[in-house]
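Remarks on the structure that follows.
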Amino acid sequence: MVTENKIKVGSIDWFYRESTPRSETDLVPVVLLHGLPTHSYLWRQIMPGLANQGTRCIAPDWVGFGFSAKPELKEFNYTPDAFINALAEFLQALKLERFSLVVQGFLGSVGLQYALRHAEQIESLAILNTPLASSAKLPWQMKQWGLPLAGDMLTQDPLLVDRTLESGSRYRIGDRDLDIYRQPFLKSSSAGRSLMSVVRNLQLPSAMAEIEAGFKQWQYPTAIIWGMTDPWLPPIMAQNFAAAIPHSKFIQLEEAAHYPQEHFYDVVLESLLPFVRRVS
């Protein structure tokens, strides 16, 4: 069972989904981080399977996304540093001291930066279709969300979620699921403003430089689970990344694309189950 929860950390209201085992186990919990322009609903098919094997799962909506707070720019500047600091405070509030981390998508890079800066907390790391090298660029479909004037209009259109998820995954997504992904954009204009601020402040080149340099010394078990038909992030980038890291495993999902959890959750889960089964 996946529960929906809220917690106030400092001035920020966080929304997160959680799935807990039926009985207490000694397995470390798993934190699942989403990318653009989704929220924690993306992990809905993954969490129950992990809980069934005895793993507690926590999937937050990033600040500015889903059903978490969407502060104005003067209150939260939507830079990687701001996200990393907010995530650290959120995890501390939940008393998560050591965990496996799973990241996906654009914003997954922020999760990787968090892992590098808080490596002592990471038991293992799984990466699904996330920018990993300086060759990674924000796709035009997302980059235009940050443009003056055009970005203001595009990010106020709830259908941008439909278009992005379906073009990124290369498959149709059911109306019921799209309705849930769209909800934050239908409830308030702040969702669109937050998305625009994220794109403008993602600082992808410097983030990629930190990731490329930092992971050369990475010593923790790492799985790169990759949708091979991703239209935005080529497999060769992930393969090179995996080859450069000791204790890493590259897992190809031949038919999946940028959002593999959406249509190929069973294969993703099969790859994650043994990998995150780690005792504290």
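Note that the numbering runs from 1 along the sequence shown for the chain.
Between Gly49 and Leu269, the closest heavy-atom pair is CA-CD2, 3.8 Å.
No side-chain donor from either of Thr79 and Asp81 sits under 3.5 Å from a side-chain acceptor of the other. Under 3.5 Å, the side chains of Ser11 and Glu75 contain no donor-acceptor pair of N or O atoms. A donor-acceptor pair shorter than 3.5 Å cannot be found between the side chains of Ser40 and Tyr16.
A salt bridge links Arg182 with Asp179: at least one charged nitrogen is closer than 4.0 Å to a carboxylate oxygen.
No side-chain donor-acceptor contact under 3.5 Å links Glu4 to the backbone of Phe15. Side-chain atoms of Asp61 never come within 3.5 Å of backbone atoms of His39 as a donor-acceptor pair (strictly under, hydrogens ignored). For the pair Ser124 (side chain) and Thr222 (backbone), a donor-acceptor distance under 3.5 Å is absent.
Geometrically, Arg44 engages Tyr41 in a cation-pi contact defined by less than 6.0 Å to the ring centre and at most 45° from the axis.
Follow the hydrophobic side-chain contacts under 4.5 Å out from Met153 and you never reach Leu147; the two are in separate clusters. Clustering ILVMFWY residues whenever any of their side-chain heavy atoms sit less than 4.5 angstrom apart, transitively, puts Leu159 in a cluster other than the one holding Trp145.
In this structure, the ring of Tyr220 has its center no less than 6.0 angstrom from the ring center of His247.
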